[in-house]
Amino acid sequence: MNRLSITRTATLDNLPELLAVADQACERAGASREVRDAVRLAVEEVSVNVITHGYAEGEPGPITLELDWERCPMTIEIADRARSFNPDTLPAPALDAAWEERPIGGLGWHLVRQMVDEVRYRPDPECGNHLTLVKHIHP
């Protein structure tokens with residue numbers, strides 16, 4: 001079976017376990033170091049956003065990470081029950097503006113989009129947010 005999944009409470013203490021599963025999936029899929037680093041960075045950025053922003057106004061809830069590499073490309077599913085947040089609504093960061101003129105935030109999602117080949121979001125009325133990241137793992 002070419003799939004790994006983990007569900008944990010969305011806390012920073014559980015982040016290493018989520019990242020370890022992402023690393024393990026990439027290793028089993030035979031992904032290059034560059035792909036492994038990209039997947040890990042994208043999973044870390046999304047997970048930290050869920051932990052620090054999604055559940056910020058209440059008790060932390062679950063975060064589920066599922067990686068599937070049965071077919072190329074690899075799909076990385078991240079689901080939570082946090083308040084709804086659609087990353088597609090974020091404006092593109094002003095990368096050419098001076099540092100002091102840039103608004104705080106938004107660079108993380110820009111980075112995620114650079115690390116993976118596709119980002120898809122769908123709200124789930126019963127489960128919160130469902131994000132799919134797609135990454136080609138072989139040339």
Side-chain angles (χ1 to χ4, degrees):
M1 180 162 73
N2 295 330
R3 174 178 288 193
L4 286 175
S5 179
I6 182 174
T7 300
R8 293 290 182 267
T9 302
T11 63
L12 290 175
D13 289 344
N14 289 327
L15 184 60
E17 285 184 81
L18 297 168
L19 298 177
V21 169
D23 289 342
Q24 186 178 20
C26 287
E27 184 176 323
R28 288 186 184 179
S32 68
R33 170 55 50 198
E34 181 180 341
V35 168
R36 289 179 195 188
D37 290 346
V39 167
R40 181 184 176 90
L41 187 58
V43 168
E44 182 173 14
E45 182 62 34
V46 171
S47 299
V48 168
N49 279 335
V50 169
I51 292 165
T52 60
H53 300 297
Y55 289 111
E57 297 177 10
E59 289 295 314
I63 183 170
T64 298
L65 172 64
E66 185 174 292
L67 299 101
D68 185 333
W69 63 96
E70 185 71 39
R71 299 173 293 286
C72 191
M74 174 182 273
T75 57
I76 302 126
E77 310 279 344
I78 302 172
D80 62 69
R81 292 192 183 130
R83 62 187 167 100
S84 181
F85 173 74
N86 183 347
D88 295 335
T89 63
L90 289 175
L95 298 177
D96 55 348
W99 283 105
E100 58 275 2
E101 296 173 11
R102 292 183 190 187
I104 295 175
L107 285 176
W109 281 105
H110 174 74
L111 182 62
V112 169
R113 288 184 180 98
Q114 299 303 307
M115 295 295 105
V116 298
D117 299 302
E118 186 179 344
V119 176
R120 295 188 303 250
Y121 169 79
R122 70 177 163 83
D124 187 329
E126 293 182 21
C127 298
N129 300 288
H130 190 103
L131 188 71
T132 302
L133 308 176
V134 177
K135 180 68 177 171
H136 292 278
I137 56 174
H138 302 291

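One-based numbering along the sequence shown. Quick caveat: nothing in here was measured; it's all calculated off a predicted structure.
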Who are the side-chain contact (heavy atoms from CB on, under 4.5 Å) partners of [X], not counting sequence neighbours?
X     : value
Ile6  : Arg8, Glu17, Leu18, Val21, Leu65
Ala31 : Cys26, Val35, Arg36, Ile137
Asp37 : Arg33

Looking at residues at least two apart in the chain, or sitting in another chain, which of them share a side-chain hydrogen bond (donor to acceptor under 3.5 Å, both in side chains) with [X]?
X     : value
Thr7  : Thr64
Ser32 : none
Asn14 : Thr11
Asp23 : Arg40

- Message: Test of understanding: with salt bridge (Lys or Arg N to Asp or Glu O under 4.0 Å), list the residues that count as partners of Glu44, not counting sequence neighbours.
- Response: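 By the salt bridge (Lys or Arg N to Asp or Glu O under 4.0 Å) rule, Glu44 matches no residue at all.
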- Item | salt bridge (Lys or Arg N to Asp or Glu O under 4.0 Å) partners for Arg28, two or more places apart |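 For Arg28 there are no salt bridge (Lys or Arg N to Asp or Glu O under 4.0 Å) partners, ignoring immediate neighbours.
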- Query: Which residue pairs pass the side-chain hydrogen bond (donor to acceptor under 3.5 Å, both in side chains) test with at least one member in residues 72-83, sequence neighbours excluded?
  - Reply: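 Those involving residues 72-83 are Glu77-His130, Glu77-Thr132, Asp80-Asn129.
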- Residue Gln114 excluded, over 12 heavy atoms near CD under 6.0 Å: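 Result for CD/Gln114: enclosed.
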- Query: Is the closest basic N to carboxylate O distance between Glu66 and Arg3 below 4.0 Å?
  - Reply: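 The answer is yes: the pair qualifies as a salt bridge.
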